[in-house]
Amino acid sequence: MNVTNLQQRSDHGERKYEKKKARHAQLAELLSTYSQQYYDQDESTINDATYDELYQELLHLEKEYPEFALFSPSQKVGAKASPKFKKIPHSVQMLSLDNAYGEEDIAAFLERVKKLLPPSGKIELMLEPKFDGLSASLTYRNGILVTAATRGDGFVGEDVTKNMLTLECVPKKIPSPHTPTQMEVRGEVMMLKSDFFALNAQREKNGEKLFTNPRNAASGSLRQLDSEITKTRNLTFFAYAIISDDINLSSQKEVLNLLLQFGFLVSDKVHLCSTQEEAFAFYKKIEKQRAELPYDIDGIVYKLNDLNLQKQLGASAKFPRHSIAYKFPAQQAQTTVLDIVVQVGRTGNITPVAELKPVTVGGVVISRATLHNKDEIEKLDIRIGDRVVVQRAGDVIPKIVYPLLDERPVHATPFTFPTHCPCCGSALVREETEVAIKCLNFNCSAQLVERLIHFASKLAFNIDGLGEQNIRFFFESGIIKTPTDIFELEIRNDQLQLQNSEGWGRQSVKNLFSSINQARTIPLDRFIYALGIPQVGRSISKLMANFFVSYGNFINHIKNHRLDSLLSVAGIGNSIGNDIKNFFNNQQNMNVMEKLAGDGVSSGMVNVVDVGGTRSGLLTNKTIVFTGTFETISREEAKELAEKHGARAASSVSSKTSLVVAGENAGQKLHQAQKFGITVISEHDFLKMIQQ
Ligand code: IVH
């Protein structure tokens with residue numbers, strides 16, 4: 001290598017170094033601003049996930065060039081106490097926790113722990129949720145709560161004693177005989193999700209600025225100059241640590257138990273374990289429950305259970321070495337709205353959908369997010385080209401939380417909602433009381449295909465091989481236009497020759513026919529669900545099936561226009577009732593119904609199974625025969641009542657009949673009942689029985 005080459009190389013190295021140094025300075029400044037906002041102003045202009053990402057980048061640079069760390073937010077815990085409050089120094093520094101983002105980080109943590117400890121005993125871990133609130137320290141003297149402080153910069157916190165005294169769940173006095181002379185309890189001040197939503201709803205009504213998340217709301221509510229305001233915010237405090245020389249404690253498990261005895265709230269989602277596998281399984285279990293928990297958590301804290309070992313391990317400048325927070329994958333991320341398009345649903349609702357620059361959220365790549373309706377787009381003020389925060393919660397479809405208005409590009413374009421259906425061109429309609437904008441053309445092909453997809457879907461007819469993609473293929477090639485076409489596919493195949501279509505072969509076609517044939521027998525509730533009646537989801541379908549019991553009875557009600565009787569079912573009100581009636585007033589739907597399950601249409605026939613097994617009620621599994629003329633109700637009404645209570649109404653008496661209800665002039669059936677030794681009761685007794 002010649003001199004020029006060497007020179008070039010070192011120039012190159014220099015440039016690289018300067019570039020990294022500049023990036024570090026930029027990150028340090030950004031992170032300090034964000035951290036200031038987070039701790040001081042109860043506000044976030046950046047989400048936690050992005051903060052973490054930038055922070056990791058900063059740490060990475062400091063690992064490569066340790067000198068960068070000299071002036072870095074990585075050396076600070078939290079932010080300085082605000083001058084708004086009196087200051088309280090912490091007797092023991094309030095540290096932060098190191099973060100782990102994967103199983104390998106936890107394994108490395110355990111390795112480090114093992115190396116630092118004598119090679120003797122096994123390691124027990126106490127696993128606790130990592131509460132996403134703000135940490136606080138409460139001091140008790142002779143069992144009386146005397147001061148409460150926020151973390152501040154870890155050394156000095158803000159005096160929030162008066163405010164903390166308004167929290168109902170914080171014990172103001174520790175019950176004797178345990179009373180230690182001096183004790184500090186540390187934990188997290190939280191706002192429950194339900195309180196957060198209620199507070200924001202109220203603030204929206206009053207035209208006040210909304211809190212971004214429950215943590216900001218908790219922080220803003222605790223750090224009030226007027227404790228009366230804090231009182232109205234219903235904050236919660238979860239305790240997780242005790243510092244006291246007056247109490248002999250040897251494990252974190254004992255700490256949590258004692259906190260409970262003292263009257264503190266302690267999470268019930270804690271777990272003591274001694275293997276890595278168990279620790280990972282607990283993490284996964286809680287992660288699944290995360291969305292349903294009443295408060296926000298953002299990971300699991302892994303703590304050495306043995307307090308002596310904890311002491312031996314000590315701490316670095318920022319973190320204790322005995323604990324680590326295994327963070328959940330971010331539920332939020334930032335991306336760009338590339339376009340906004342509308343989708344036509346099976347009931348004609350027009351839903352706007354944002355097409356996004358693909359981004360990973362919680363380990364899943366998302367490229368689309370629902371915008372729900374026109375009002376939502378206007379409320380959030382989302383424009384094409386905007387940077388937005390997207391969120392996944394549990395298994396819910398990803399949604400846009402808010403646009404980053406500060407970063408709005410000049411070319412960002414507001415979305416103009418279409419006036420006509422993008423599929424069939426008919427004028428879109430918005431009913432007065434509704435938020436949804438609809439295409440009312442029942443034969444709009446977008447609706448037709450969505451109804452077919454729903455019909456064959458898992459919870460409906462569950463036809464393997466007829467997923468969304470294949471349904472679209474069959475619909476577009478004109479092979480399946482209505483549900484009955486599905487059941488006629490096999491006999492039509494002489495002409496169709498599906499096995500010769502692209503992507504199909506002899507075996508796959510055979511499999512398809514076999515799964516269609518398997519789906520021919522279906523319980524009534526799934527049959528009703530599959531029809532895709534607006535507002536009739538799984539639970540309303542079950543209620544309807546329990547009411548009608550049999551397909552015959554169901555179709556009888558429809559044909560005789562007696563669907564109003566459904567309104568007597570708890571859970572089915574006027575609005576759902578109207579949708580059901582409207583659905584069956586449409587002759588096209590009636591044709592499908594009759595063709596599918598009616599007698600005589602052999603090719604399209606589906607055998608709908610009664611809901612016998614799933615019926616519940618007073619008369620479950622009883623077969624009742626009604627005979628004669630009744631005084632107070634008609635025979636039909638009596639049958640309906642019986643069915644509503646779980647019975648099956650039969651027309652002839654057999655040895656399987658459980659009960660005969662006989663009115664005036666009951667003839668032949670009454671004799672038969674006596675012959676089989678079946679109990680016969682009067683109309684009056686029957687009604688009394690039902691009332692019971
Ligand atoms: S133990 C060294 N246990 O997480 C401090 N902290 O990022 C360790 N946190 O400042 C305290 N849940 O505010 C502990 N179950 C838990 C926690 C928890 C939330 C907070 C705490 C701490 C922060 C560190």
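Every number for a ligand or one of its atoms is a count from 1 in the order of the listing. Everything numeric in this text was worked out from a predicted model, so none of it was measured.
Using a 4.0 Å cut-off between charged side-chain N and carboxylate O, Arg383 and Asp381 make a salt bridge.
Across Gln252, Glu124, Glu278, a single residue satisfies side chain to side chain contact (heavy atoms under 4.5 Å, CB included) together with Leu272, and that is Glu124.
Rounded to the nearest 0.5 Å, atoms CZ (Arg23) and CG (Leu54) are 6.5 Å apart.
Sorted by chain and number, the heavy-atom contacts of ligand 1 below 4.0 Å come from Leu95, Ser96, Leu97, Glu128, Pro129, Lys130, Phe131, Ser135, Arg151, Glu188, Tyr240, Val301, Lys303, Pro320.
For residues 236-246, the pairs satisfying side-chain hydrogen bond (donor to acceptor under 3.5 Å, both in side chains) are Glu188-Tyr240, with sequence neighbours left out. For residues 364-374, every residue pair satisfying the salt bridge (Lys or Arg N to Asp or Glu O under 4.0 Å) rule, not counting sequence neighbours, is listed here: Glu355-Arg368, Lys374-Glu378.
Residues meeting the side-chain contact (heavy atoms from CB on, under 4.5 Å) test with Lys173, sequence neighbours left out: Ile144.
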